[in-house]
**Student:** 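Okay, handing you the structure first.
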2 protein chains.
Amino acid sequence: MIKRDKGVTISQVAAEAGVARSSVSRAFRHPDMLLPETVERIMKAAQALGYVPNHTARALSTGRHGNIALVVPDIANPFFPPLIAATQLEADRSDFCVFLGNTEEKPAQEDKLLGRFAGQVEGLVLASPRLSDERILAHAAQRPLVLINRDIKGIPRVLIDSGSGVRQAAEHLAELGHRKIVYVNGPHTSWSNRERRSALRSAARKLGLEIVALPPIVPTYQSGHRTVDAILETGATAAIAFDDITAQGILAGLAEYNVAVPERFSLIGCDDVLGAVTYPALTSVSNRSAEAGRLAVTLLMEALQSGSIREARYVLETHLVVRNTTGPAPA
Amino acid sequence: MIKRDKGVTISQVAAEAGVARSSVSRAFRHPDMLLPETVERIMKAAQALGYVPNHTARALSTGRHGNIALVVPDIANPFFPPLIAATQLEADRSDFCVFLGNTEEKPAQEDKLLGRFAGQVEGLVLASPRLSDERILAHAAQRPLVLINRDIKGIPRVLIDSGSGVRQAAEHLAELGHRKIVYVNGPHTSWSNRERRSALRSAARKLGLEIVALPPIVPTYQSGHRTVDAILETGATAAIAFDDITAQGILAGLAEYNVAVPERFSLIGCDDVLGAVTYPALTSVSNRSAEAGRLAVTLLMEALQSGSIREARYVLETHLVVRNTTGPAPA
DNA sequence: CTGTTAGCGCGTTCAG
DNA sequence: CTGAACGCGCTAACAG
């Protein structure tokens with residue numbers, strides 16, 4: 001049992017300060033239980049020795065490790081970094097550290113990571129899971145768990161309602177005279193994708209638009225690019241893509257076919273993660289990912305404090321951000 | 001001391017299987033020390049009770065927690081997500097979990113996070129630190145620490161040599177007839193920035209180019225955008241920006257002034273994180289961030305296994321990716 | 001090969 | 001207000 005840990009322990013501090021170990025512990029956790037003078041002496045000794053409370057030992061003793069885990073399907077998708085950053089910032093406010101898990105869009109990897117994290121965190125935030133309801137419920141039964149962009153009854157969840165934005169997108173296209181619109185599906189396990197598709201379907205019905213849905217894809221630039229042939233074959237004059245990254249691939253593909261955007265074809269993305277960097281600047285549905293991350297952590301902290309998980313379902317509405325990839329339908 | 005943990009412990013499994021606790025421990029950690037038959041019986045009991053080894057207790061006992069931490073200055077900067085993903089993937093191969101820290105480019109936050117993580121990880125990867133050498137050395141003395149993009153003697157480090165790519169950039173511009181070039185500095189605490197600037201300076205000397213360096217900025221789209229006035233005032237015909245994000249801001253700013261790129265002005269970024277999504281597509285210096293992340297973890301794992309940190313300094317070379325923001329100098 | 005026995009470092013009773 | 005003693009769950013010596 002060799003340890004290279006310098007490990008200044010509570011006992012050493014106690015010896016240095018001439019008190020019992022428990023007093024040292026108290027000096028840190030319940031300073032008001034000791035004489036101010038004693039506390040000061042202990043603190044001084046701790047400083048001198050460079051004592052740092054051992055997180056692990058404390059966790060074993062208290063059952064609280066001060067960590068949470070955040071699991072996302074794809075860090076490289078620009079939708080997530082702001083969410084991750086916000087999550088961390090909010091966790092930090094409660095002095096929690098966060099484990100990050102990247103599942104590469106694979107349900108199995110998601111399951112594995114949740115299992116690995118479960119043993120060392122107090123709670124979990126699961127963003128845009130691709131896992132089945134059953135598995136998620138199983139994990140939620142083990143530890144407090146908050147969902148982002150997945151609607152499972154009984155589990156606290158924060159939902160970014162892209163439906164509202166997609167509805168606006170449909171109206172926008174209808175006003176511009178488009179009659180037939182392609183929807184490029186994202187992962188079929190994605191709640192957001194289902195929301196967007198169904199919002200589009202119902203809006204289309206009201207507006208008298210025809211919707212053609214393309215098969216599910218993993219949302220990447222490449223996937224979007226590959227889907228251009230299928231889009232053009234439909235004869236539609238506009239498309240709404242599952243997300244901006246996919247839309248970006250589509251935009252590139254259209255350019256290669258010399259299909260002018262928005263003159264001959266209109267395109268709308270979702271999540272608005274590209275800002276105005278594409279050319280033409282992409283019309284998109286806004287995202288509120290940072291807020292979602294922050295809110296999820298807040299809910300999780302509440303659950304940890306109260307010790308009980310209360311039913312909660314927060315919905316963040318979105319809207320359409322009109323830029324330059326949408327225009328009147330070609331004659 | 002209330003625990004809601006279902007906590008099936010090793011003792012319960014031992015009782016169920018009719019063996020000693022240590023045997024249960026062995027069944028998991030050193031199965032070859034027990035009779036296969038015994039192992040099987042124990043495993044069956046563990047399954048039945050739903051036993052899961054307690055990570056924390058194990059860590060306390062062994063001093064090994066199976067976690068590492070990765071600290072980056074800005075998750076939202078597209079340079080980092082691939083690095084983060086690669087780091088995780090590589091850590092996962094050794095069954096390690098990773099804590100992620102985002103410092104928002106703030107040295108103080110970096111220092112704080114390193115301190116918070118130190119207590120619960122076996123080693124650290126510190127990418128593009130903004131912290132002083134002294135503080136980094138102090139942390140490295142506590143735990144095995146591997147640096148990415150920071151060259152401190154005595155600490156294992158992986159350096160992405162953007163210098164080689166920047167040299168090519170200078171040559172490229174010289175060939176196109178540019179004589180006066182602006183360098184838009186990144187953070188002055190950034191090692192990469194110093195590398196790029198000095199590589200550019202020395203290349204310029206050889207090529208007979210004049211370099212004008214702008215004051216350090218935090219590398220963001222906004223910062224780049226704000227710097228356009230200063231760039232144009234210099235009368236230079238081309239600029240090399242600290243990174244792509246900054247370059248993107250500059251590009252937008254130039255467009256607003258109706259300065260045609262590359263006809264009237266040439267622009268080169270660094271890190272090549274934007275692919276061909278800007279318009280015109282940005283000429284940039286390649287990055288090898290994913291490889292750097294992977295390599296850093298490999299080094300860290302070696303250090304953890306051997307128990308000693310050996311001097312190591314890996315350099316990954318880069319090259320110029322020519323796209324459409326560079327052209328002949330205006331007459 | 002297996003059971004017994006100490007701790008790992010800390011938080012928290014329970015007496016003083 | 002303080003010190004002694006126990007236990008968190010597990011691992012690693014040491015016996016047998």
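Below, each value reflects all heavy atoms present in this structure, side chains not excepted, and no hydrogens, waters or symmetry copies. Throughout, a chain's letter reflects where its sequence line sits, starting with A, and its residues are numbered from 1.
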**Student:** To the side chain of Arg21(B), which of dT12(C), dT5(C), dA12(D) is closest?
**Tutor:** dT5(C)

**Student:** Between Ile309(A), Val125(A), Leu295(A), Leu145(A), which is the residue that forms a side-chain contact (heavy atoms from CB on, under 4.5 Å) with Pro156(A)?
**Tutor:** Ile309(A)

**Student:** Check whether any side-chain N or O of Ser11(B) sits under 4.0 Å from OP1 or OP2 of dG9(D), and answer yes or no.
**Tutor:** no

**Student:** State whether the distance check finds a donor on one side and an acceptor on the other, under 3.5 Å, for side chain Arg26(A) versus base dT13(C).
**Tutor:** yes

**Student:** Of all the choices, dT2(D), dT2(C), dC10(C), which nucleotide is nearest to the side chain of Leu35(B) once you look at every atom?
**Tutor:** dT2(C)

**Student:** With a 4.0 Å cut-off, would you call Glu122(B) and Arg64(B) a salt bridge?
**Tutor:** yes

**Student:** Please confirm whether any donor atom in the side chain of Arg64(A) sits under 3.5 Å from an acceptor in the base of dG11(C), or the reverse.
**Tutor:** no

**Student:** How is Thr38(A) classified with respect to the nucleic acid when contacts are heavy atoms under 4.0 Å: base, sugar-phosphate, or nothing?
**Tutor:** sugar-phosphate

**Student:** What orientation do Phe28(A) and Tyr51(A) show, parallel under 30°, tilted 30 to 60°, or perpendicular over 60°?
**Tutor:** perpendicular

**Student:** Is there a side-chain polar atom (N or O) of Ser61(B) under 4.0 Å from OP1 or OP2 of dC8(C)?
**Tutor:** no

**Student:** Taking the side chain of Leu60(B) as its heavy atoms from C-beta onward, which of dG11(C), dG9(D), dC10(C) lies nearest to it?
**Tutor:** dG9(D)

**Student:** Looking at dC14(D), dG3(D), dG9(D), which one has an atom nearest to any side-chain atom of Ala57(B)?
**Tutor:** dG9(D)

**Student:** Considering non-hydrogen atoms only, spot the tightest contact between Trp191(A) and Ile160(A) and give its length.
**Tutor:** CZ3-O, 3.8 Å

**Student:** At what angle, to 10 degrees, do the two end axes of the helix from dC1(C)-dG16(D) to dG16(C)-dC1(D) meet, given five pairs define each axis?
**Tutor:** 40°

**Student:** It should be established whether His55(B) places a side-chain nitrogen or oxygen under 4.0 Å from OP1 or OP2 of nucleotide dG9(D).
**Tutor:** no

**Student:** Between Arg150(A) and Asp133(A), is there a salt bridge with N-O shorter than 4.0 Å?
**Tutor:** yes

**Student:** Specify the closest pair of heavy atoms between Ala290(B) and Ala86(B), including all atoms of both residues, with the distance to one decimal.
**Tutor:** O-CB, 3.3 Å

**Student:** Between atom CD1 in Ile10(B) and atom C1' in dG7(D), what is the gap in whole Å?
**Tutor:** 16 Å

**Student:** Within the 4.0 Å heavy-atom criterion, would you say Tyr51(A) contacts the bases, only the backbone, or no part of the nucleic acid?
**Tutor:** sugar-phosphate

**Student:** Base, sugar-phosphate alone, or nothing: which one does Arg29(A) contact when heavy atoms must sit under 4.0 Å apart?
**Tutor:** sugar-phosphate

**Student:** So what does Val19(B) touch, heavy atoms closer than 4.0 Å: a base, only the sugar-phosphate, or nothing?
**Tutor:** sugar-phosphate

**Student:** Given dC1(C), dC10(C), dA12(D), identify the nucleotide with an atom nearest to the side chain of Thr62(B).
**Tutor:** dA12(D)

**Student:** Can you tell me if Ser23(B) touches the phosphate of dG3(C), counting only side-chain N or O atoms and a distance under 4.0 Å to OP1 or OP2?
**Tutor:** yes

**Student:** So which heavy atom on Asp74(A) is nearest to which on Glu105(A), and how close?
**Tutor:** CB-OE2, 4.1 Å

**Student:** Which nucleotide sits closest to the side chain of Thr9(B): dT11(D), dT12(C), dC10(D)?
**Tutor:** dC10(D)

**Student:** Looking at every non-hydrogen atom in both residues, tell me the closest pair between Leu89(A) and Glu104(B) and how far apart they are.
**Tutor:** CD1-OE1, 3.9 Å

**Student:** Atom NE2 of His65(A) and atom P of dC10(C): how far apart are they, to the nearest Å?
**Tutor:** 17 Å

